[in-house]
Amino acid sequence: MKKVGADFVRRTVEFLLLAAIAVSAVFLAAQFTTYQNYGGQIPGAASQRSRNILIVGKSGRRAYLEQVLFGAKSLAKVNDAAVDLYTGTSDTQELSTQALLNYASYLQADGIIAYLEGSDENLEIPVNAQGKAIPLVTIGSYHPNLPQLSYIGANYSELGKITGREIIAQIGQSGKAILLESGEQKDANHSNLMAGLLGSLSGHPEISVKTLQFERASSFSKEDNLRQQLASEEDLELIVSLTEQNTILAAQSVRDLNLSGKVKLIGFGDNDDCRSDFEKKIVTELLSVKTQDIGRRAMAELFEYLENGYANSFVSAEVEILKGGGE
C-alpha cells in the first residue's frame, strides 16, 4: 500500500513538472514571436508601439550606431514607435549590407535607417509583406543609384571649409600644418572634405600644409611610423587629423614625444577616446559630426514620409566644435 501511494505521488509530481515545462515553452515561444516582431526587443504591454524602426549596419560600426540609436530613441515615443539596432549575430562571418537590409524585410519593419559602406554595390531596398519598398533613410556613404528617402550625414565640403578656418585660427596667417592622411580615406566624402579644406586655405599662401602618409610598413607599426615622422619634423606647430582613428594615434604620439602643450592638435571624432584626449588638453580642438543628431534627424525624415508622404533628399547633420582643450 505504501508502495502504491509513493508511485502515485511520483507520477503526480512528474505530471506537474511536465505541465509546467509545457506552459513555459508556450510562454517563451510567444515572447520570441514578439521579439521578432519588434526588431530584437521584448517590449512589455506599455511599450508596444504602432510602428517599428530598425537601424542596421555592419558590426564594426556598432559603437557609432549605438549613438545613432540613442538619438533615434529620443523621437521614438512621441511618434509611437519602437526602434532597435541590428548589426548581425555572427562573430566569425560579417553579414553583408544587403543581408542586413533583408533582415528588416523579414521583421516587416515600417522603416529602416541603414549605415551604407562606400564599397557596397548593387543594393536592393527590401519590401514588406505587400511587396512595397520599406522606407529607407541612409547614413554613412551616399549611394546615388539607390532609391532612398533621405541621406543624413555630414556636408563634407562644408566640414573641410570649417577645418580650414580652424587651421587659420590656430596658426594665424602663416605657419606650418601637418595633415594626417590615410589611404583608406580615398573615397568621395574624403575628396569633398579635402577640396573644401584646401579651398579655404587658397587665399593664404603663407600657410604650408604638408600631408603625412603613415600606412603600416614592413618594419614599423602604424603607430611607430607616425611617431617617427612627427619626430623628424622641424618647427612642428600644428597637427590636423581628419578621422577618429588618426586622432587617437596622433594624441598618443604627442604624449610619447612629450609634445603636449608645445604642439597643437586639431582632431576629429565623437567617441570617448577623442573626447578624453580633449579633456586632458592633448587635443587642442575637436571637430565632430554629432552622431545622436543623425539618429534624431533620420527618425524625423522617416516619420515625415510615413505621415505626409515626402522627405528631404539630403539633410546635413550638425557639426560640433570643441575648443580650448577642455576649458
Side-chain angles (χ1 to χ4, degrees), residues 34-88 97 100-101 103-104 107-116 134-142 148-156 158-159 162 244 268-276 278-279 286-322:
T34 304
Y35 173 87
Q36 288 182 316
N37 290 338
Y38 282 84
Q41 294 178 327
I42 304 179
S47 64
Q48 292 184 4
R49 304 298 180 191
S50 63
R51 290 193 175 107
N52 302 296
I53 309 301
L54 189 65
I55 300 172
V56 299
K58 292 188 176 180
S59 59
R61 306 291 184 182
R62 187 167 187 88
Y64 176 91
L65 291 173
E66 284 174 347
Q67 291 299 307
V68 173
L69 174 65
F70 190 87
K73 282 185 173 181
S74 69
L75 290 186
K77 187 176 181 179
V78 70
N79 288 291
D80 194 29
V83 59
D84 195 24
L85 169 63
Y86 182 70
T87 58
T97 300
L100 295 170
L101 292 173
Y103 184 72
L107 293 179
Q108 291 297 289
D110 295 293
I112 309 168
I113 300 170
Y115 190 105
L116 302 187
I134 298 175
L136 172 67
V137 171
T138 59
I139 59 179
S141 295
Y142 176 67
Q148 56 215 282
L149 299 179
S150 298
Y151 170 75
I152 315 291
N155 181 330
Y156 283 89
E158 182 61 28
L159 182 59
I162 292 172
E244 289 187 342
F268 179 87
D270 194 33
N271 65 26
D272 291 341
D273 289 334
C274 293
R275 288 182 178 269
S276 175
F278 172 76
E279 294 296 335
L286 187 62
L287 309 180
S288 66
V289 177
K290 299 186 73 172
T291 313
Q292 293 182 24
D293 183 56
I294 290 177
R296 286 189 291 270
R297 288 173 179 256
M299 286 287 281
E301 290 301 310
L302 271 178
F303 282 96
E304 183 74 20
Y305 176 80
L306 292 170
E307 297 294 336
N308 301 312
Y310 58 84
N312 296 301
S313 59
F314 182 90
V315 179
S316 295
E318 183 180 350
V319 176
E320 182 179 45
I321 305 175
L322 300 178

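Only this structure's heavy atoms are used, side chains among them; waters, hydrogens and symmetry mates stay out. It should be emphasised that the depicted structure is a prediction, and the values quoted were computed from it without experimental measurement. Positions are given from 1, in the same order as the sequence printed here.
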Residues in ring-ring contact (aromatic ring centres under 6.0 Å, His included) with [X], at least two apart?
| X | answer |
| --- | --- |
| Y305 | none |
| Y115 | Y64 |
| F314 | Y151 |

Inset, instruction - State, yes or no, whether a side-chain contact exists between I113 and M299 at a heavy-atom distance under 4.5 Å. - result: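 Side chain of I113 against side chain of M299, heavy atoms only: contact under 4.5 Å found.
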Among residues at least two apart in sequence or on other chains, which ones pass side-chain hydrogen bond (donor to acceptor under 3.5 Å, both in side chains) with [X]?
| X | answer |
| --- | --- |
| E66 | R62 |
| S316 | none |
| Q148 | T138 |

Legend entry - E301 and S150 side chains, donor-acceptor separation under 3.5 Å: yes
Distance (rounded to the nearest 0.5 Å) between [X] [atom1] and [Y] [atom2]:
| X | Y | atom1 | atom2 | value |
| --- | --- | --- | --- | --- |
| S74 | D293 | OG | CG | 9.5 Å |
| L136 | L149 | CG | CG | 6.5 Å |
| N52 | L107 | CG | CG | 8.5 Å |
| N79 | E304 | CG | CD | 10.0 Å |
| L85 | I55 | CG | CD1 | 6.0 Å |

State, to 0.1 Å, how close [X] and [Y] come at their nearest heavy-atom pair, and which atoms those are.
| X | Y | result |
| --- | --- | --- |
| R296 | G71 | CG-O, 3.0 Å |
| L65 | G57 | CD1-CA, 3.5 Å |
| T97 | L116 | CG2-CD2, 3.7 Å |
| F268 | V289 | CZ-CG2, 4.1 Å |
| L54 | A109 | CB-CB, 4.3 Å |
| I53 | L302 | CG2-CD1, 3.6 Å |

Legend entry - N308, CG atom: more than 12 neighbouring heavy atoms under 6.0 Å: yes
Inset, instruction - Could you tell me whether the side chain of N312 and the main chain of V315 form a donor-acceptor pair under 3.5 Å? - result: no
Inset, instruction - Determine, stepwise, if the pair R275 / S288 fulfils side chain to side chain contact (heavy atoms under 4.5 Å, CB included). - result: CA-CA 10 Å; R275 288 182 178 269; S288 66; 4.0 Å; yes
